[in-house]
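Quick note: numbers below take in every heavy atom, side chains included, and nothing from hydrogens, waters or symmetry partners. Each chain gets a letter, A, B and so on, in the order its sequence line appears, and its residues count up from 1.
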Amino acid sequence: MPELPEVETTLRGLAPALIGKTVREVHIRQPKLRWPVPPELPALLNGQIIRRLHRRAKYLLIEFDRGTLILHLGMSGNLRIVSAATPLKKHDHFDLLLDNGTTMRLHDPRRFGAVLWHTGDAATHPLLAALGPEPLGDEFDGTTLYRATRNKTAAIKLVIMDQRIVVGVGNIYANEALFRAGIRPQLPAGKLSRPRCTALAGEIRATLTAAIAKGGSTLRDYVSSDGSPGYFQQEYWVYGRAGEACRRCGESVRLLRLGQRASFYCPHCQH
DNA sequence: CTTTGCACCTGTTGGC
DNA sequence: TGCCAACAGGTGCAAA
């Protein structure tokens, strides 16, 4: 479920509920996530104060004095703040109990998510060290994208989803940004002109920013005992609309498969 | 080194 | 209604 905007929304929802709180208990109900949840987490975290929260790509980083808890929501995960009395649901794998009686609860049916620990600077963790620039940061722009795509024959959609080129662009927003930039997903990356790279980098940024803004508007419901934590349904230009009329020109939206992922485009609006 | 496809899971959907 | 295959928004890693 979570693409970068959902992770960012989760971060913003969690931060005020977590920062400054002391961990009272840690419950690992299902240690078999993408990687084993470190069994020493309770000993490491009990009594520790949550200092700061960060996001790097789609990783959520919860910083303590002695290290960083690294969380990933995978394909189906979510994190919610619930009261201590909230009954457990199936796939509630991990709880962080706080000193004010609330709990941060990880729910992840498919278990592609992760709960890891790293001592010291989180940026040095093997999973984070090789990541490319943040799409919303200053280091990603048309020039970056232009340089990164030279001599690449791979489809542009695969390239913008490559975490070494730019992080956090998942399947939905890759499709949407390419539509908005007027670029077909299967176009060999190396064939993109510099102006088209500039346009695409801008649309990646704009698409993600707009989705975060949408998510932010539902944040007031974030800390609740039931219901979905502010996941937002928005209208897509092409994603999931194979065979339907293009919202811009009416042409039938096409579906193709790139790197085993469904890819959508309008043959009239994208070239 | 780069590029490709698999693997990890459960839940939902659509065709027969 | 039941059954089964296909697919799902992520992404690291082994294999080529």
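- Atom P of nucleotide B:dT10 and atom CZ of A:Arg34 are separated by 15 Å, given to the nearest angstrom.
- For A:Arg164 and B:dT3, the CZ to P distance is 7 Å, given to the nearest whole Å.
- With C:dG10, B:dT3, B:dC9 as the candidates, the nucleotide lying closest to the side chain of A:Arg111 is B:dC9.
- Side-chain atoms of A:Lys58 lie closest to C:dT11 of the nucleotides C:dT11, C:dG12, B:dT3.
- Between A:Trp117 and A:Phe64, the ring planes lie tilted relative to each other; the angle falls in the 30° to 60° range.
- For B:dC9, there is no paired base (Watson-Crick or G-U wobble, both distances below 3.5 Å).
- Put simply, A:Arg257 has a side-chain N or O that comes within less than 4.0 Å of OP1 or OP2 on C:dA8.
- Between A:Leu18 and A:Ile81, some side-chain heavy-atom pair lies under the 4.5 Å cut-off.
- In terms of phosphate contacts, A:His72 brings no side-chain nitrogen or oxygen within less than 4.0 Å of OP1 or OP2 of C:dG10.
- B:dG14 and C:dG9 are spaced 15 Å apart, taking the P atom of each and rounding to whole Å.
- In this entry the distance linking OH of A:Tyr239 with P of C:dG10 reads 8 Å, nearest Å.
- Stacking annotation: A:Phe112 is stacked on the base of B:dC8 (ring centroids less than 5.5 angstrom apart, interplanar angle below 30 degrees).
- Side-chain contact between A:Arg196 and A:Leu187 is present, with at least one heavy-atom pair separated by less than 4.5 Å.
- Atom P of B:dC9 sits at a distance of 25 Å from the matching atom of C:dC3, rounded to the whole Å.
- A:Leu33 comes within 4.0 angstrom of no nucleic acid atom, judged by non-hydrogen atoms across all strands.
- Atom CE in A:Met161 sits roughly 15 Å away from atom P in B:dG5 (whole-Å rounding).
- Residue A:Lys90 places at least one side-chain N or O under 4.0 Å from the OP1 or OP2 atom of B:dG11.
- Pair check for C:dA14 finds B:dT4; Watson-Crick or G-U wobble, both atom distances under 3.5 Å.
- Annotation: side chain of A:Thr103 is not in contact with side chain of A:Thr86 (no heavy-atom distance under 4.5 Å).
- For C:dT11, neither phosphate oxygen OP1 nor OP2 lies less than 4.0 angstrom from any side-chain nitrogen or oxygen of A:Arg261.
- We find that NZ of A:Lys152 is positioned 7 Å from C1' of B:dT2, with the value rounded to whole Å.
- Remark: C1' of C:dG9 and CH2 of A:Trp237 are 21 Å apart, rounded to the nearest angstrom.
- Each of B:dG5, C:dG9, C:dT11 was ranked by its minimum atom distance to the side chain of A:Gln260; first place goes to B:dG5.
- Between A:Leu258 atom CG and C:dG10 atom P there is a gap of 15 Å when expressed in whole angstrom units.
- Considering only side-chain atoms of A:His91, the nucleotide from C:dG12, B:dC8, B:dG11 that sits closest is B:dG11.
- Figure legend: A:Arg194 and A:Tyr146 shown as a cation-pi pair, the cationic atom lying under 6.0 angstrom from the six-membered ring centre and within 45 degrees of its axis.
- Phosphate contact (OP1/OP2 of C:dG10, side-chain N/O of A:Tyr173, threshold under 4.0 Å): absent.
- Counting only heavy atoms from C-beta outward, the side chains of A:Pro185 and A:Leu256 approach each other to under 4.5 Å.
- The phosphate of B:dC9 (OP1 or OP2) has no side-chain N or O of A:Lys32 nearer than 4.0 angstrom.
- Taking 4.0 angstrom as the limit, A:Arg110 places none of its side-chain polar atoms (N or O) nearer than this to OP1 or OP2 of C:dG10.
- Atom CG in A:Asn171 sits roughly 12 Å away from atom C1' in C:dC7 (whole-Å rounding).
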